[in-house]
Novice: 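Dumping the structure here so I can ask a few things about it.
Since this is a predicted model, take the numbers as computed values, not measurements.
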Amino acid sequence: MATSSPLHAKLDALYEVWSKLSLESRPTDFQAFADFFSEDCTAWLLSMRELKEPSIGREGVIAGVKDVLKHTQIRERRVVDRFESANGSKISVEMENSLVVHGRDVDTFPETATAVFNEQGLITDFKLYCCRSPVVEIIQEVTGIGPYAITKKTDGEKGEKCHAVKNGLILMNKALSHVEMCNFKLLAKKGAV
């Protein structure tokens, strides 16, 4: 989807550079990626749900994108829609990207990126919103590290994925705190879960 907005064009250019990066890329390639960001930027280069802290500054952005590239590369970026704030400094892009995760294709990966730009046209705040379950599932299958429980069959075959489910709520191998359990019971009584 073509754009006439200069900020959307900059975000498109950022993704063009990002899609060409790999762990084997030269330091100058990583610097070209970081140059889209301000020196004091905040960037969530994975889904905000998955990261405890954002990447801070250009050096943090380089380290953050290298962490992403350990598991995932953008094969193709497909823009579905574009949005711009009233003052024009904040934009969002809805995408359905194709990814490569440890050599395996994830053909349709919905993702939304939001970027805030300063007066110099540099990104000061970058956030990605998505559900990374299909990506995390592959990462766990390849590395053995991840949130999905695997049941073992007695005949030695690989078991199935399973999640603790209570009235439709997936607990994802998480022990609920007393407060969370009380809130869950309250919601269950109201029929909300």
Side-chain angles (χ1 to χ4, degrees), residues 1-22 25 28-101 105-136 147 169-170 172 179-180 183 187 190 192-193:
M1 171 180 273
T3 181
S4 60
S5 163
L7 296 184
H8 278 287
K10 285 185 182 198
L11 192 59
D12 290 350
L14 168 78
Y15 269 93
E16 183 68 26
V17 171
W18 193 346
S19 67
K20 293 177 182 172
L21 288 176
S22 72
S25 294
T28 54
D29 298 330
F30 285 105
Q31 189 60 52
F33 178 78
D35 287 345
F36 286 94
F37 295 86
S38 68
E39 292 287 349
D40 60 346
C41 69
T42 303
W44 302 85
L45 299 172
L46 285 176
S47 173
M48 292 178 59
R49 290 181 48 203
E50 200 166 324
L51 293 174
K52 291 181 182 178
E53 296 179 5
S55 298
I56 306 292
R58 287 182 177 167
E59 287 183 27
V61 165
I62 291 171
V65 78
K66 285 181 178 179
D67 281 344
V68 171
L69 292 170
K70 289 177 184 174
H71 302 290
T72 308
Q73 286 185 285
I74 300 169
R75 181 169 32 104
E76 181 184 2
R77 178 175 178 250
R78 294 183 290 249
V79 174
V80 175
D81 211 346
R82 299 176 186 271
F83 309 93
E84 195 167 321
S85 66
N87 70 3
S89 67
K90 183 177 186 177
I91 61 171
S92 292
V93 179
E94 180 183 347
M95 301 169 287
E96 287 185 353
N97 297 333
S98 294
L99 305 177
V100 177
V101 182
D105 292 338
V106 177
D107 188 46
T108 303
F109 186 73
E111 202 168 31
T112 299
T114 300
V116 178
F117 291 82
N118 63 18
E119 301 79 29
Q120 291 78 36
L122 299 173
I123 298 170
T124 60
D125 188 55
F126 182 84
K127 296 175 183 166
L128 280 177
Y129 300 92
C130 61
C131 174
R132 288 182 42 89
S133 294
V135 171
V136 172
L169 176 68
I170 298 175
M172 299 290 289
V179 172
E180 289 171 318
N183 287 339
L187 289 171
K190 292 181 178 181
V193 290

Novice: Would you name the heavy atoms of Val65 and Leu45 that are closest together and state the gap between them?
Specialist: N-CD1, 3.5 Å

Novice: Under the side chain to side chain donor-acceptor pair (under 3.5 Å) test, which residues partner Ser92, sequence neighbours left out?
Specialist: Thr114

Novice: Which residue pairs satisfy the side-chain hydrogen bond (donor to acceptor under 3.5 Å, both in side chains) criterion with at least one member in residues 58-70, sequence neighbours excluded?
Specialist: Glu39-Arg58, Asp67-Lys70

Novice: Output all residues satisfying side chain to side chain donor-acceptor pair (under 3.5 Å) with Glu96, sequence neighbours left out; order by chain, then residue number.
Specialist: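 Expected list: none.
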
Novice: List the atom pairs, with distances to 0.1 Å, where a side-chain N or O of residues 120-130 and a protein N or O form a donor-acceptor pair under 3.5 Å, not counting sequence neighbours.
Specialist:
residue, atom, partner, partner atom, Å
Gln120, OE1, Asn118, ND2, 3.3
Thr124, OG1, Val116, O, 3.2

Novice: Going from CD on Gln31 to CD1 on Ile62, what distance comes out if it is rounded to the nearest 0.5 angstrom?
Specialist: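 Result: 4.5 Å between the selected atoms.
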
Novice: If you define the side chain from C-beta out and look only at heavy atoms, does anything of Asp81 sit under 4.5 Å from Val93?
Specialist: no

Novice: Among all residues two or more places apart in sequence or in another chain, which pass the salt bridge (Lys or Arg N to Asp or Glu O under 4.0 Å) test with Lys20?
Specialist: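 Once residues adjacent in sequence are excluded, the partners of Lys20 under the salt bridge (Lys or Arg N to Asp or Glu O under 4.0 Å) criterion are Glu16.
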
Novice: Under the rule for side chain to side chain donor-acceptor pair (under 3.5 Å), what residues qualify as partners of Ser19, not counting sequence neighbours?
Specialist: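 Listed in chain order: nothing, the list is empty.
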
Novice: Which residues pass the side chain to side chain donor-acceptor pair (under 3.5 Å) test with Thr108, not counting sequence neighbours?
Specialist: none

Novice: List in chain and number order the residues that pass salt bridge (Lys or Arg N to Asp or Glu O under 4.0 Å) with Glu94, two or more places apart in sequence or in another chain; answer none if no residue qualifies.
Specialist: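 By the salt bridge (Lys or Arg N to Asp or Glu O under 4.0 Å) rule, Glu94 matches no residue at all.
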
Novice: Would you say the side chain of Val61 lies within less than 4.5 Å of the side chain of Phe36, judging by non-hydrogen atoms?
Specialist: no

Novice: What residues, two or more places apart in sequence or in another chain, satisfy ring pair (Phe, Tyr, Trp, His ring centres under 6.0 Å) together with Trp18?
Specialist: Tyr15, Phe33

Novice: Taking Glu111 as the fixed residue, which of Ile74, Asn97, Val80 is the one that meets the side-chain contact (heavy atoms from CB on, under 4.5 Å) rule?
Specialist: Asn97

Novice: Can you list everything that forms a salt bridge (Lys or Arg N to Asp or Glu O under 4.0 Å) with Asp105? Sequence neighbours excluded, please.
Specialist: Arg75

Novice: Looking at Glu76 and Arg78, is there a salt bridge between them, counting it only when a charged N and a carboxylate O are closer than 4.0 Å?
Specialist: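 Looking at Arg78 and Glu76, the cut-off is met.
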
Novice: To the closest 0.5 Å, what do you measure between CG (Leu11) and CZ (Arg77)?
Specialist: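 Here the rounded value is 5.0 Å.
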
Novice: Could you measure the distance from the CZ atom of Phe109 to the CZ atom of Arg132? Nearest 0.5 Å is fine.
Specialist: 5.5 Å

Novice: Decide yes or no for Asp12 and Arg82: does some side-chain heavy atom of the first lie under 4.5 Å from some side-chain heavy atom of the second?
Specialist: yes

